[in-house]
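The block underneath contains the structure these notes are about, expressed in structure tokens.
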There are 2 protein chains.
Amino acid sequence: MGKQVTEMLKGTLEGIVLAILSGRAAYGYEITAWLRDQGFSDIAEGTVYALLVRIEQRGLVDVEKVPSEKGPPRKVYSLNAQGREYLEEFWRTWSFLSERLEQLREGGE
Amino acid sequence: MGKQVTEMLKGTLEGIVLAILSGRAAYGYEITAWLRDQGFSDIAEGTVYALLVRIEQRGLVDVEKVPSEKGPPRKVYSLNAQGREYLEEFWRTWSFLSERLEQLREGGE
DNA sequence: TACTGGTACATAGTGACACCGAATACCGGT
DNA sequence: ACCGGTATTCGGTGTCACTATGTACCAGTA
């Protein structure tokens, strides 16, 4: 993709991952694959893992190590109460930004 | 505001400013004031000026120095052809991201 | 005159984050 | 023994918004 997406993902990718985890628990490799599926064609794997480490350190998720049949053990993340709260704030922030931009798009043509 | 907005603005603030300039020419101080008006309560002035320097160097805008009655001369920016093209790509990128997020918001509750 | 405050721009340093590249580890199939 | 898919980690890079500060111009006022 372009540099535009890269920059725009800053801040939003975190929300995206948290939103995914709010639906169901998941692990890094799975999340990366899902994102690619959704059109984020070249999200770097390293990016997702780094993000997961960050949100874990901030206490937004719980982690459980689960053995895999096909490779090394998975680190399965699930959103906890604090994470849910943070995600709600994310949606509020997103709405705010989204509304301004939608307004600009209509007005500015 | 919070850190969430700060991160989310990366990449989008540029688009916002370009969108403003697509409607009418403007200068830094004016843009900053407008943004504050729109609810971006603590956009730093320095941020806007740095952004304007960047988009000027990338050739997305034309600049004209206009004397002011109230202070030092203004640097009035206007979107040129290349800028318009870049803005269109910005909107495409934004739409992509926006759609994924809206989808997530509905599915994830 | 000196001082204050609004207008207007510039810039050095900081922190956060997505990216790249490479490495490690486990396993099944050929 | 080797390759490819699964799964995680980590060091280094570039970009961007923020902070803080400084410069400059002008009007009003004490």
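As the structure is a computational prediction, the values presented were derived from the model and not from experiment. Within every chain, numbering begins at 1; the chains are lettered A, B, ... in the order of the sequence lines, protein sequences first and strands thereafter.
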If you assign each of B/Gly71 and B/Tyr77 to its closest nucleotide in DNA chain C, which residue comes earlier from the 5' end?
B/Gly71

Between C/dA18 (P) and A/Phe40 (CZ): distance, integer Å:
12 Å

Nucleotide nearest B/Pro72 when distance is taken to its side chain, options C/dC17, C/dT7, C/dA18
C/dT7

Given atom CZ of A/Arg74 and atom P of D/dA7, what is their separation to the nearest angstrom?
4 Å

Just checking B/Gly46: base, sugar-phosphate only, or nothing, at a heavy-atom cut-off of under 4.0 Å?
base

In whole angstroms, the gap separating P of D/dA24 from NZ of B/Lys75 amounts to 16 Å

So what does A/Ser68 hit on the nucleic acid, given a heavy-atom distance under 4.0 Å: a base, only sugar-phosphate, or nothing?
sugar-phosphate

Check every atom of D/dC16, C/dC9, C/dC20 against the side chain of A/Ala44 and return the nucleotide holding the closest atom.
C/dC20

Comparing A/Leu13 with B/Ala50, nearest DNA chain C nucleotide closer to 5' gives the residue B/Ala50

Among C/dC20, C/dT7, D/dC16, the one nearest any side-chain atom of B/Tyr29 is C/dT7

Where is the tightest heavy-atom contact between A/Trp91 and B/Leu101, given as atom of each residue plus distance?
CH2-O, 3.4 Å

Assign A/Glu45 to base, sugar-phosphate, or nothing according to its heavy-atom contacts below 4.0 angstrom with the strands shown.
base

Evaluate A/Arg58 against A/Glu14 for salt bridge (Lys or Arg N to Asp or Glu O under 4.0 Å), listing each step before the verdict.
CA-CA 12 Å; A/Arg58 280 195 233 144; A/Glu14 186 177 282; 3.2 Å; yes

What's the separation between atom CG in A/Leu9 and atom CD1 in A/Ile43, rounded to the nearest 0.5 Å?
5.0 Å

Winner on side-chain proximity to A/Tyr49, out of D/dT6, D/dT9, D/dC18, is D/dT9

When we call it a touch if two heavy atoms are under 4.0 Å apart, what does B/Leu52 touch: a base, just sugar-phosphate, or nothing?
nothing

Can you establish whether the number of heavy atoms outside B/Glu89 located under 6.0 Å from its atom CD is more than 12?
yes

Counting distance alone, no hydrogens or angles: does the base of D/dT15 have a donor or acceptor under 3.5 Å from a partner atom on the side chain of A/Lys3?
no

Please determine whether the number of non-hydrogen atoms from other residues, nucleotides or ligands lying under 6.0 Å from atom CD of A/Glu102 exceeds 12.
yes

Round to a whole Å and report the spacing from CD1 of B/Ile55 to P of C/dA10.
12 Å

Taking the minimum atom-to-atom distance to the side chain of B/Thr47, which one of C/dC17, C/dC20, D/dT19 wins?
D/dT19

Check every atom of C/dA16, C/dA18, D/dT9 against the side chain of A/Arg54 and return the nucleotide holding the closest atom.
C/dA18

